[in-house]
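First comes the structure, then the notes that go with it.
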Number of protein chains: 2
Amino acid sequence: MILKIDFASETPIYEQLKNQIVEGITFGLLKEGEQLPSVRQMAEDIGINMHTVNKAYSILRREGLVIIYKGSGVIVNDFSKMRNKSFLKEVPLLIKPVIAEAYCKGINEEEFLDKCKEIFNSIYKGKK
Amino acid sequence: MILKIDFASETPIYEQLKNQIVEGITFGLLKEGEQLPSVRQMAEDIGINMHTVNKAYSILRREGLVIIYKGSGVIVNDFSKMRNKSFLKEVPLLIKPVIAEAYCKGINEEEFLDKCKEIFNSIYKGKK
DNA sequence: TAATCTGTTATACTTAATATATAACAGATA
DNA sequence: TATCTGTTATATATTAAGTATAACAGATTA
């Protein structure tokens with residue numbers, strides 16, 4: 001899996017890393033049970049500090065997306081069986097600002113939903 | 001219009017303020033041509049610094065959502081005629097991480113799109 | 001005209017988040 | 001026994017965020 005960190009971005013490195021791993025899992029680039037590079041290896045590959053990687057991994061563990069075996073390594077959790085209903089309540093809080101800005105800039109409901117559907121379609125494509 | 005700032009939030013104050021004004025415009029709480037409180041008045045109302053308000057206002061001007069008259073005040077721009085096609089390209093970048101996380105946590109396409117539609121419906125409700 | 005409002009700019013300061021750097025520790029593996 | 005794994009601790013540098021004061025120029029109003 002190829003990771004691209006934008007060092008000029010306002011988004012923190014650990015968050016970019018976390019997001020890309022989540023997307024890797026979602027879009028099928030990272031399979032269930034697959035092992036992630038060690039914190040040191042990942043840090044060396046990207047050219048960042050070990051602790052920055054560790055921060056991303058820890059967040060992923062807290063969210064249940066990976067399992068960390070102390071002394072062994074980090075593997076992708078079986079999220080197909082997972083169902084976190086509570087996150088459904090957070091979705092509106094996350095997308096409301098995006099929809100508001102989009103609407104102000106002349107983007108209508110159909111256009112917005114199409115973009116969402118495109119993303120879901122690329123998820124299904126990665127799964128087949 | 002009622003503004004609620006969460007001082008314990010990770011989201012910066014100026015960004016919360018900006019988002020709530022954008023949402024105010026979108027959901028019809030702020031009408032076109034309506035004047036916003038001055039940077040000093042708004043700062044006093046919320047209990048924050050003048051510069052923090054100014055930062056939010058400046059961002060809104062850069063995005064074309066308000067017009068600032070130096071010496072006079074800040075008014076809501078006529079965004080009904082505005083169409084910023086370039087933002088349509090940014091939408092996937094903004095919602096992709098949200099969809100990815102939602103999908104990992106067992107939320108499917110229908111559930112996600114329903115949340116989006118609910119938000120759009122509340123926009124239409126505010127406009128009628 | 002003078003006073004007072006508006007946004008703007010400049011400077012200085014404090015706090016917190018981010019990221020790095022080293023080191024050491026305990027569990028797992030070869 | 002080495003060497004890998006994640007983890008914890010400590011220290012440091014940098015940057016973003018927020019505050020505090022002050023001054024400036026344009027607009028408004030008494």
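Sequence lines set the chain letters: A, B, ... in the order given, protein chains first and strands last, and positions in each chain run from 1.
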Between [X] ([atom1]) and [N] ([atom2]), how many Å, whole number?
X: B:Lys55; N: C:dT9; atom1: NZ; atom2: P; result: 14 Å
X: A:Met42; N: C:dA19; atom1: CE; atom2: C1'; result: 17 Å
X: B:Phe7; N: C:dA16; atom1: CZ; atom2: P; result: 15 Å
X: A:Asn49; N: D:dT10; atom1: CG; atom2: P; result: 17 Å
X: B:Glu15; N: D:dA16; atom1: CD; atom2: P; result: 14 Å
X: B:Ile46; N: D:dT19; atom1: CD1; atom2: C1'; result: 15 Å
X: A:Leu36; N: D:dG6; atom1: CG; atom2: P; result: 9 Å
X: B:Ile75; N: C:dG7; atom1: CD1; atom2: P; result: 12 Å

Which atom names give the shortest non-hydrogen contact between [X] and [Y], and what distance separates them?
X: B:Ile46; Y: B:Phe7; value: O-CZ, 4.1 Å
X: B:Lys18; Y: B:Ile59; value: CD-CG2, 3.5 Å
X: A:Gln16; Y: A:Ser9; value: NE2-CB, 3.5 Å

Given [options], which nucleotide is nearest the side-chain atoms of [X]?
X: B:His51; options: C:dG7, C:dT18, D:dT21; value: D:dT21
X: A:Ile48; options: C:dT20, D:dG18, C:dG7; value: C:dT20
X: A:Ser38; options: D:dG6, C:dT20, D:dT7; value: D:dG6
X: A:Pro12; options: C:dA19, C:dG7, D:dT7; value: C:dA19
X: B:Tyr14; options: D:dG6, D:dT19, D:dA17; value: D:dA17

Discussion item. Do the side chains of A:Glu111 and B:Arg83 get close enough for a salt bridge, i.e. N-O under 4.0 angstrom?
Written reply: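 Yes, A:Glu111 and B:Arg83 are salt-bridged.
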
Discussion item. Quick check on C:dT20: is either OP1 or OP2 less than 4.0 Å from any side-chain nitrogen or oxygen of A:Thr52?
Written reply: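 Yes, A:Thr52 has a side-chain N/O under 4.0 Å of OP1/OP2 on C:dT20.
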
Discussion item. Each nucleotide in nucleotides 23-30 of chain D should get exactly one letter: B, S or -. Can you fill that in based on protein heavy atoms under 4.0 Å?
Written reply: B--BS---

Review item, side-chain donor-acceptor pairs of residues 85-104 of chain B, under 3.5 Å, at least two apart:
{"residue": "B:Ser86", "atom": "OG", "partner": "B:Asn84", "partner atom": "OD1", "Å": "2.5"}
{"residue": "B:Glu101", "atom": "OE2", "partner": "B:Lys105", "partner atom": "NZ", "Å": "3.0"}

Practice prompt. Compute the bend angle of the helix from C:dT1-D:dA30 to C:dA30-D:dT1 from the end axes (five pairs per end), rounded to 10°.
Written response: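 What I find for the helix from C:dT1-D:dA30 to C:dA30-D:dT1 is an axis angle of 20°.
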
Discussion item. Heavy-atom count check: over 12 atoms from other residues, nucleotides or ligands less than 6.0 Å from B:Glu15 CD?
Written reply: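 Buried by this count: over 12 neighbours within 6.0 Å.
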
Worksheet item: Would one find more than 12 heavy atoms of other residues, nucleotides or ligands at under 6.0 Å from atom OH of B:Tyr69?
Response: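 No, because the 6.0 Å sphere around OH of B:Tyr69 holds 12 heavy atoms or fewer from other groups.
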
Item to complete: Between B:Gly47 and A:Val39, just flag the one whose closest nucleotide in DNA chain D comes earlier from the 5' side.
Response: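 Checking each residue's closest nucleotide, the 5'-ward one belongs to A:Val39.
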
